[in-house]
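Report on the structure given below.
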2 protein chains.
Amino acid sequence: MNDIPTYDDTNIFAKILRGEIPCHKVYENDDFIAFMDVMPQASGHTLVVPKAPSRNLLDADSETLQKLMPFARRIARAVVKAFDADGVTLMQFNEPAGGQTVFHLHMHVIPRNDGVPLMRHEGGMEKTEVLMANAEKIRTALKEAS
Amino acid sequence: MNDIPTYDDTNIFAKILRGEIPCHKVYENDDFIAFMDVMPQASGHTLVVPKAPSRNLLDADSETLQKLMPFARRIARAVVKAFDADGVTLMQFNEPAGGQTVFHLHMHVIPRNDGVPLMRHEGGMEKTEVLMANAEKIRTALKEAS
């Protein structure tokens, strides 16, 4: 791979960050937003998205990266609680070969239960009412933790 | 999930950190060690392991987590360069349901090439001479980057 392409702010997460399209938000602070993946690989599949623009890990700024895992842990603990999960899987994809499909840095936080394999990410859109209910479960878990 | 089990320092990564068993090391600093996964899912599959003891993300200390992603980026850039990769996949597993098999916090950094799916993690041990050569490639890439 040569230099990675420059950041393109027409990606869907940039549009969500600008409020141009909606999301099922679970939490937001100055640096990050967390919202439901609309094609979840398990119930409660949440995305952690830094507000700072970067294509992926390879071109991200250090300040954002320093804050990413403490924030992801907070979300991970909340999804585990909200979905009574037995574990949690984090995935972070870079470039198409690495599994990336939206070119704004993000991390997948997926609650897991014993014996339940991940669904395919391309398995289809989850129903809006399910996503709304799941986001509310996580928001409640976050409130109880703080 | 109730409270996660306490850290058990008999795990294989703790033994590697204590020097009781060998590894194919690519880099080490005060906070982390990076070494080859002996059951790689792609050539160059590297593990990033904090020296601080924690079972996984859920019980890790904030200082370690703040340093984890900047360190992982450094290793990610090196494996991309070393293996002329088209992308890189990071995975971080928590508890058996989340995919975790060694109970010391770690992150998988896997160079990826277009059209090459990940191998199964349980696909068997890589040959020692291959792991040695791959570690050397990454060490060289790290030296060139610094």
Side-chain angles (χ1 to χ4, degrees), chain A residues 1-4 42 48 50 54-101 103 105-118, chain B residues 1-4 42 48 50 54-101 103 105-118:
Chain A
M1 189 168 78
N2 297 316
D3 289 344
I4 71 166
V48 166
S54 78
R55 180 172 167 92
N56 53 43
L57 174 70
L58 299 170
D59 66 333
D61 68 89
S62 294
E63 191 185 354
T64 296
L65 292 183
Q66 284 165 18
K67 293 175 179 172
L68 178 54
M69 287 304 284
F71 186 86
R73 179 184 51 190
R74 184 172 180 177
I75 300 301
R77 286 173 171 168
V79 299
V80 164
K81 184 172 183 185
F83 293 89
D84 194 22
D86 301 309
V88 57
T89 298
L90 271 64
M91 297 193 290
Q92 195 280 313
F93 302 136
N94 303 282
E95 299 301 313
Q100 189 174 15
T101 55
F103 297 96
L105 174 61
H106 59 285
M107 183 166 275
H108 298 263
V109 179
I110 310 173
R112 303 292 303 278
N113 284 92
D114 290 322
V116 182
L118 288 178
Chain B
M1 190 166 78
N2 296 317
D3 290 344
I4 71 165
V48 165
S54 78
R55 181 172 165 92
N56 53 43
L57 174 70
L58 299 170
D59 66 332
D61 67 272
S62 295
E63 190 184 355
T64 296
L65 293 182
Q66 283 166 17
K67 293 176 178 172
L68 179 55
M69 288 304 283
F71 186 87
R73 178 183 53 189
R74 184 172 181 177
I75 300 301
R77 286 173 170 168
V79 300
V80 165
K81 183 171 183 187
F83 293 90
D84 194 23
D86 301 310
V88 57
T89 298
L90 272 64
M91 297 192 291
Q92 195 280 312
F93 302 135
N94 302 283
E95 297 302 314
Q100 187 173 17
T101 54
F103 296 95
L105 173 62
H106 59 284
M107 183 165 275
H108 298 263
V109 179
I110 309 173
R112 303 292 304 276
N113 285 91
D114 289 324
V116 182
L118 289 179

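Letters A, B, ... are given to chains in the order of the sequence lines, protein chains preceding strands, and every chain is numbered from 1. If you're wondering where the values come from, they're calculated on a predicted model, not measured in any experiment. Every heavy atom of this structure was used, including side-chain atoms; hydrogens, water molecules and symmetry mates were not.
For the pair B/Gly87 and A/Ala97, the tightest heavy-atom approach, listed with the atom from each and the gap, is N-CB, 3.9 Å.
Considering only heavy-atom pairs separated by less than 4.5 Å from chain B, the leading option among A/Leu58, A/Val116, A/Asp114 is A/Leu58. Most heavy-atom pairs under 4.5 Å with chain A, from the set B/Gln92, B/Arg77, B/Gln100: that is B/Gln92. Between chain B and the options A/Leu118, A/Asp86, A/Ile110, heavy-atom pairs under 4.5 Å are most frequent for A/Asp86. The choice from A/Leu57, A/Thr89, A/Asn56 that makes the most heavy-atom pairs within less than 4.5 Å of chain B is A/Leu57. Heavy-atom pairs under 4.5 Å with chain B peak, among A/Gly115, A/Ala60, A/Ala42, at A/Ala60.
The distance from the NZ atom of B/Lys67 to the CG atom of A/Leu65 is 15.0 Å, given to the nearest 0.5 Å. Distance check, rounded to the nearest 0.5 Å: CG of B/Asn94 to CZ of A/Arg112 gives 10.5 Å.
For A/Lys81, the salt bridge (charged side-chain N to carboxylate O under 4.0 Å, His left out) criterion is met by A/Glu144, not counting sequence neighbours. Shown here are the side-chain contact (heavy atoms from CB on, under 4.5 Å) partners of B/Asp84, two or more places apart in sequence or in another chain: there are none.
When heavy atoms are compared at a cutoff of 4.5 Å, B/Val80 approaches chain A solely by way of its side chain, counted from C-beta outward. Both the backbone and the side chain of B/Ala76 come within less than 4.5 Å of a heavy atom of chain A. Heavy atoms of A/Asn113 lying under 4.5 Å from chain B belong exclusively to its backbone. Using a 4.5 Å cut-off between heavy atoms, A/Asp61 touches chain B through its backbone atoms (N, CA, C, O) alone.
Scanning residues 68-75 of chain B against chain A with a 4.5 Å heavy-atom cutoff picks out B/Leu68, B/Met69, B/Pro70, B/Ala72, B/Arg73, ordered by number.
Looking at A/Glu95 and B/Val88, their side chains never come closer than 4.5 Å, going by heavy atoms from C-beta outward.
Residue pairs meeting the ring-ring contact (aromatic ring centres under 6.0 Å, His included) criterion with at least one partner in residues 72-95 of chain B, sequence neighbours excluded, are B/Phe93-B/His108.
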